[in-house]
Amino acid sequence: MKLTRRDFVKSNAVAAAAAAAGVTLPGIKTATAAEGDDLRWDKIACRFCGTGCSVLVGVKDGKIMASQGEPDAPVNKGLNCIKGYFLPKIMYGKDRLTQPLLRKKNGKYDKNGDFEPVSWDEAFKTMAEKWVAARKKGPKGIGMFGSGQWTVWEGYAASKLLKAGFRSNSLEPNARHCIASAVGAFMRGFGIDEPMGCYDDLEHADAFVLWGANMAKRVFDLVKDFGTSKSPKSTRPSTTY
Amino acid sequence: MNVCSAIVHAKPENAVGVSSRLEEFPGVEVHGGKDVGKLIVTVEGGEDDTLADIMAKFGDVEGVISTVMIYHYSGEEADSEEVIQ
Ligand code: SF4
């Protein structure tokens with residue numbers, strides 16, 4: 001049997017989709033696409049939204065050639081949204097920041113200068129100098145702004161470093177800005193903090209009432225069975241968003 | 001070579017109509033899944049963002065509930081090269 005590279009890639013693509021959908025197709029073995037090609041498959045997380053889908057990336061000669069939703073991931077179960085299409089491409093965008101830049105005027109650091117590429121040595125040296133100078137003002141001279149995407153251990157290490165190490169209480173995550181307002185609204189609206197429910201609640205529910213948002217377009221992995229055998233009465237969600 | 005696969009959800013009773021509407025897009029082929037309302041679709045051809053643009057348009061096709069992307073391959077090698085004989 002003659003098979004061109006296009007046929008081969010296509011049948012891998014079809015097999016992966018059929019496996020994720022649990023559909024059997026005649027003549028297609030439902031294996032993951034990761035089998036039998038010349039790519040090295042690694043695992044990454046998509047950072048384009050808060051769902052955090054697991055993604056497999058196929059690498060050849062050091063370059064990402066293919067991507068596939070990770071079938072074993074409990075949240076996305078082999079699916080990605082269309083934004084996932086851009087995951088390999090974003091790695092090679094021409095506007096990517098690939099080296100440290102420092103604002104400079106006449107070859108020296110200047111807050112009002114323009115960004116110039118510098119070596120990592122220079123970047124770290126400048127950061128260390130500024131930190132040491134700020135420390136001279138006491139605990140209030142320094143601070144750390146962290147991220148809600150920190151792992152528990154990263155948050156723990158940051159707390160220890162800032163509070164126990166530098167004796168400063170100036171430590172904040174972006175999470176405060178993000179969720180503090182939402183918590184206020186939840187308490188007022190529903191009398192309870194945080195978005196209620198979890199993915200499993202959706203699995204067990206018989207009916208869904210949605211308004212103001214089209215979950216099928218925005219939180220697709222939660223609604224993969226909407227309108228199919230599971231909830232035959234559902235109507236097509238609105239396409240306005 | 002640019003090849004993508006996706007699952008397009010539709011009610012099983014609408015799936016045949018949805019399939020033919022999807023196949024009107026260039027490079028789109030439906031491989032099965034009509035009976036369960038999970039259409040196995042490939043999109044191919046086109047460069048850069050075309051495939052993503054086409055998949056994004058699926059959402060406006062009558063009868064489509066949602067579209068999820070599964071697999072994407074984008075390589076520069078010749079697609080006619082024979083790999084298995
Ligand atoms: S839903 Fe889409 S953008 Fe969000 S993590 Fe998954 S693939 Fe990425």
Side-chain angles (χ1 to χ4, degrees), chain A residues 1-10 12-26 28 33 37-39 58 60 63-69 76 78-89 214-217 220-221 223-229 232 234 236-237 239, chain B residues 1-15 29-45 48-85:
Chain A
M1 185 181 72
K2 276 190 184 168
L3 202 59
T4 64
R5 176 152 294 273
R6 175 175 293 275
D7 299 332
F8 179 68
V9 167
K10 211 164 134 183
N12 277 351
V14 170
V23 166
T24 327
L25 298 177
I28 296 277
D37 53 29
D38 50 359
L39 302 171
K60 192 173 162 189
K63 198 171 175 222
I64 296 182
M65 308 289 274
S67 68
Q68 187 196 339
N76 57 305
L79 317 180
N80 281 160
C81 78
I82 293 161
K83 275 183 279 176
Y85 180 91
F86 297 98
L87 277 172
K89 293 183 62 162
N214 181 356
M215 284 172 73
K217 274 201 168 180
F220 70 93
D221 10 27
V223 294
K224 41 191 169 294
D225 288 320
F226 268 26
T228 57
S229 52
S234 66
R236 182 181 170 224
T239 52
Chain B
M1 176 179 24
N2 212 359
V3 179
C4 247
S5 70
I7 303 171
V8 177
H9 294 100
K11 288 191 196 178
E13 62 267 33
N14 296 337
E29 215 178 302
V30 179
H31 301 265
K34 296 189 190 98
D35 45 338
V36 286
K38 294 177 181 183
L39 305 175
I40 309 301
V41 177
T42 49
V43 195
E44 58 186 313
D48 293 333
D49 303 348
T50 353
L51 301 191
D53 291 343
I54 289 175
M55 282 190 288
K57 283 189 198 135
F58 287 175
D60 299 326
V61 170
E62 195 192 329
V64 168
I65 293 165
S66 78
T67 304
V68 291
M69 202 193 86
I70 304 296
Y71 184 89
H72 177 209
Y73 185 92
S74 151
E76 275 144 26
E77 70 273 53
D79 55 1
S80 53
E81 174 200 342
E82 281 175 16
V83 287
I84 298 175
Q85 199 126 39

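Each chain gets a letter, A, B and so on, in the order the sequences are listed, and its residues count up from 1. All figures in this text were calculated on a predicted structure; none of them were measured in a lab.
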Chain A contact via [X] - side chain, backbone, both or neither, heavy atoms under 4.5 Å:
{"X": "Asp49(B)", "value": "both"}
{"X": "Ala15(B)", "value": "neither"}
{"X": "Leu51(B)", "value": "both"}
{"X": "Thr42(B)", "value": "side chain"}

The criterion is side chain to side chain donor-acceptor pair (under 3.5 Å); which residues satisfy it with Asn2(B), sequence neighbours excluded?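 In terms of side chain to side chain donor-acceptor pair (under 3.5 Å), with neighbours along the sequence ignored, Asn2(B) is linked to Tyr85(A), His72(B).
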
With the side chain counted from C-beta on, respond yes when Leu39(A) and Tyr73(B) share a heavy-atom pair under 4.5 Å apart, and no when they do not.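 In contact.
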
Segment of Lys89(A) engaging chain B (4.5 angstrom heavy-atom cut-off):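 Just its side chain gets close to chain B.
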
Which atom of [X] lies closest to which atom of [Y], heavy atoms considered:
{"X": "Lys10(A)", "Y": "Glu29(B)", "result": "NZ-OE1, 2.7 Å"}
{"X": "Leu25(A)", "Y": "His31(B)", "result": "CD2-O, 3.5 Å"}
{"X": "Met69(B)", "Y": "Cys81(A)", "result": "CB-O, 3.8 Å"}
{"X": "Ala17(A)", "Y": "Ser5(B)", "result": "CB-OG, 3.8 Å"}

Got a sec, which residues hit side-chain contact (heavy atoms from CB on, under 4.5 Å) with Ala21(A), two or more places apart in sequence or on another chain?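 Ala21(A) satisfies side-chain contact (heavy atoms from CB on, under 4.5 Å) with Val23(A), Ile7(B), Lys38(B), Ile40(B) once adjacent residues are dropped.
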
Begin with the C-alpha distance, continue with both residues' side-chain angles, and end with the deciding distance and a verdict on side chain to side chain contact (heavy atoms under 4.5 Å, CB included) for Asn80(A) and Ile70(B). CA-CA 6 Å; Asn80(A) 281 160; Ile70(B) 304 296; over 6 Å; no

Please determine, among Ser74(B), Ala6(B), Cys4(B), the option with the most heavy-atom pairs under 4.5 Å with chain A.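 The answer is Ser74(B).
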
